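Both backbone and side-chain heavy atoms feed into the values below; hydrogens, waters and symmetry mates do not. As the structure is a computational prediction, the values presented were derived from the model and not from experiment.
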Amino acid sequence: MGGVTDEAPPQPPIVVWGVTPGDRPFRTVQIRGLPAGLARDVTDVVRLAYEAGLSPVDLDDPAVVRWVGGDKYTWA
């Protein structure tokens, strides 16, 4: 069967998980499959990526960032 594979699509290097509610809501960020830190806004995501050696970061590129439970505008 040409073109059909059982392989999963590659995981983007950055995964931003859904909002954890609280007095200061945050989202957990993983980079290359490892916990990178907590983000309270997109600036934190870019900072964490930069600290992990990824730059520049296109937050709108699904090959670079996977947003779980919302998009880059979801912080509460």
Side-chain angles (χ1 to χ4, degrees):
M1 296 184 154
V4 177
T5 67
D6 290 333
E7 294 180 27
Q11 179 82 341
I14 302 170
V15 177
V16 182
W17 294 97
V19 175
T20 299
D23 288 339
R24 295 188 66 206
F26 64 88
R27 297 176 79 167
T28 302
V29 179
Q30 281 183 308
I31 298 181
R32 297 185 184 110
L34 301 172
L38 305 178
R40 290 187 166 77
D41 57 33
V42 293
T43 306
D44 288 338
V45 176
V46 172
R47 177 184 53 79
L48 290 167
Y50 178 79
E51 290 172 356
L54 298 174
S55 99
V57 176
D58 182 352
L59 299 178
D60 295 316
D61 186 350
V64 176
V65 182
R66 178 176 163 220
W67 297 94
V68 178
D71 59 16
K72 68 181 183 181
Y73 300 109
T74 306
W75 295 96

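- Listed by chain and number, the hydrophobic cluster partners of Val64 are Ile14, Val16, Val29, Ile31, Val42, Val45, Val46, Leu48, Leu54, Val57, Leu59, Val65, Trp67, Trp75, where partners are ILVMFWY side chains within reach of under 4.5 Å, directly or through others.
- Between Pro13 and Ala63, the closest heavy-atom pair is CD-O, 3.4 Å.
- Among pairs with a residue in residues 18-27, none fulfils side-chain hydrogen bond (donor to acceptor under 3.5 Å, both in side chains), at least two apart in sequence or across chains.
- Residue pairs meeting the salt bridge (Lys or Arg N to Asp or Glu O under 4.0 Å) criterion with at least one partner in residues 55-65, sequence neighbours excluded, are Asp60-Lys72.
- Listed by chain and residue number, Asp71 satisfy the side-chain hydrogen bond (donor to acceptor under 3.5 Å, both in side chains) test with Thr74 (two or more places apart in sequence, or in another chain).
- Under the salt bridge (Lys or Arg N to Asp or Glu O under 4.0 Å) criterion, the residue pairs touching residues 31-47 are Asp44-Arg47, Arg47-Glu51, with sequence neighbours excluded.
- Residue Trp17 belongs to a hydrophobic cluster whose other members are Val15, Val68, with links defined by side-chain heavy atoms closer than 4.5 Å.
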